[in-house]
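Not measured: the values here are computed from a predicted model.
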Amino acid sequence: MRSVFKSALVSLFGLCAILIIPYQAEAQISAEFDLAGYHVTEPVGTAAVGMAEATVRRDSLIISGHFEDLKGRYWSAYIHYGAPGEKGNRLLKLHADVSDDHRSGRFDPQKNAFKMSDAVREALSEGNLYLLVSSEPHRQGEIRGQLPEL
């Protein structure tokens, strides 16, 4: 009787492992962060603000969010390599759905999903990536937000 109970218990644990492992493989982690002019390495006095979310799902980095009240027309948005307060190189170009006045926009997660290289994954885990939104009068960046360590 004891061996039957042990066999049933082992089978139950095996079944749980089979069901849980695929769930963990699909797990994702997300964190929100703000976008502001005072985060830019040479701070920008601006009314522009934004909020973004970085999500890691399997081997992909997904960016969603919005920004508003840029001083001029939207120019570009990129994920850059760099620690807080440091300037860095552009790594990933973001696609923004821009408003009619070109001073606000949204980052649709379906248009801003990137397969991560080992280097990007490492930089993200160390907190060395930031999102920079640029406008025509501030092409070096009007608002910035540091991606949290994920």
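- Ile62 and Leu147 fall into different hydrophobic clusters, where Ile, Leu, Val, Met, Phe, Trp and Tyr side chains are chained together by heavy-atom contacts under 4.5 Å.
- Atom CD of residue Gln110 and atom OG of residue Ser64 lie 11.0 Å apart, to the nearest 0.5 angstrom.
- Atom CD in Glu149 sits 10.5 Å away from atom CD1 in Ile29 (nearest 0.5 Å).
- Residues Met51 and Ile79 do not share a hydrophobic cluster, defined by chaining ILVMFWY side chains whose heavy atoms lie under 4.5 Å apart.
- For Glu136 against Arg139, the heavy-atom pair with the smallest separation is O-CG, 3.4 Å.
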Note to self: I'd like to know whether Tyr74 forms a side chain to side chain contact (heavy atoms under 4.5 Å, CB included) with Val133, so could you lay out the CA-CA distance, the side-chain angles of the two residues, the decisive distance to 0.1 Å, and finally the verdict.
What the structure shows: CA-CA 8 Å; Tyr74 169 81; Val133 177; 4.1 Å; yes

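- The main-chain N or O of Gly127 is found under 3.5 Å from a side-chain atom of Gln146 such that the two form a donor-acceptor pair.
- For Ser99 (side chain) and Ser104 (main-chain N/O), a donor-acceptor pair under 3.5 Å exists by modelled atom type.
- One hydrophobic cluster holds both Leu35 and Leu150 under the rule that ILVMFWY side chains link at heavy-atom gaps under 4.5 Å.
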Next item on the list: Please step through side chain to side chain contact (heavy atoms under 4.5 Å, CB included) for the pair Leu129 and Leu91, ending with a clear verdict.
Entry: CA-CA 9 Å; Leu129 295 179; Leu91 298 178; 3.5 Å; yes

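- The minimum heavy-atom distance between Gly72 and Ser135, with the atom names listed, is O-CB, 3.9 Å.
- Residues Thr46 and Glu142 have side chains that bring a donor and an acceptor to within less than 3.5 angstrom of each other.
- Between Arg121 atom CZ and Glu126 atom CD the span is 13.0 Å, to the nearest 0.5 Å.
- Using a 4.5 Å cut-off between side-chain heavy atoms of Ile, Leu, Val, Met, Phe, Trp and Tyr, with links allowed through other members, Tyr78 and Ile63 fall into different hydrophobic clusters.
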Next item on the list: Decide yes or no on side chain to side chain contact (heavy atoms under 4.5 Å, CB included) for Val56 and Met116, but give the supporting numbers first.
Entry: CA-CA 9 Å; Val56 174; Met116 285 191 290; 3.7 Å; yes

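- Listed for the Asn112 side chain is a donor-acceptor partner under 3.5 Å among the backbone atoms of His95.
- Val49 and Leu132 are not part of a single hydrophobic cluster, where members link through side-chain heavy atoms under 4.5 Å apart.
- Ion pairing between a basic and an acidic side chain is recognised when a charged N comes within 4.0 Å of a carboxylate O; Asp97 and Lys111 show such pairing.
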Item checked: Check against side chain to side chain contact (heavy atoms under 4.5 Å, CB included), Asn128 and Tyr81 -> CA-CA 6 Å; Asn128 289 327; Tyr81 177 83; 3.8 Å; yes

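- The CG atom of Asp34 sits 11.0 Å away from the CG atom of Leu131 when rounded to the nearest 0.5 Å.
- Classification of Glu42 and Lys87 as a salt-bridged pair holds, one side-chain N sitting under 4.0 Å from a carboxylate O.
- Considering all non-hydrogen atoms of both residues, Gly85 and Thr41 come closest at O-CG2, 3.1 Å.
- If you look at His80 and Tyr130, their ring centroids are closer than 6.0 Å.
- Other residues, nucleotides and ligands contribute only 12 or fewer heavy atoms inside 6.0 Å of the CG atom of Asp118.
- Between Phe107 and Phe67, the ring planes are tilted. Angles from 30° to 60° get that label.
- Of the possible polar contacts, none joining the Ser30 side chain to the Thr55 backbone as a donor-acceptor pair under 3.5 Å is found.
- Nearest heavy atom pair, residue Ala83 against residue Arg144, reads O-NH2, 3.1 Å.
- Atom-to-atom distance recorded for Ile143:CD1 and Lys71:NZ is 12.5 Å, nearest 0.5 angstrom.
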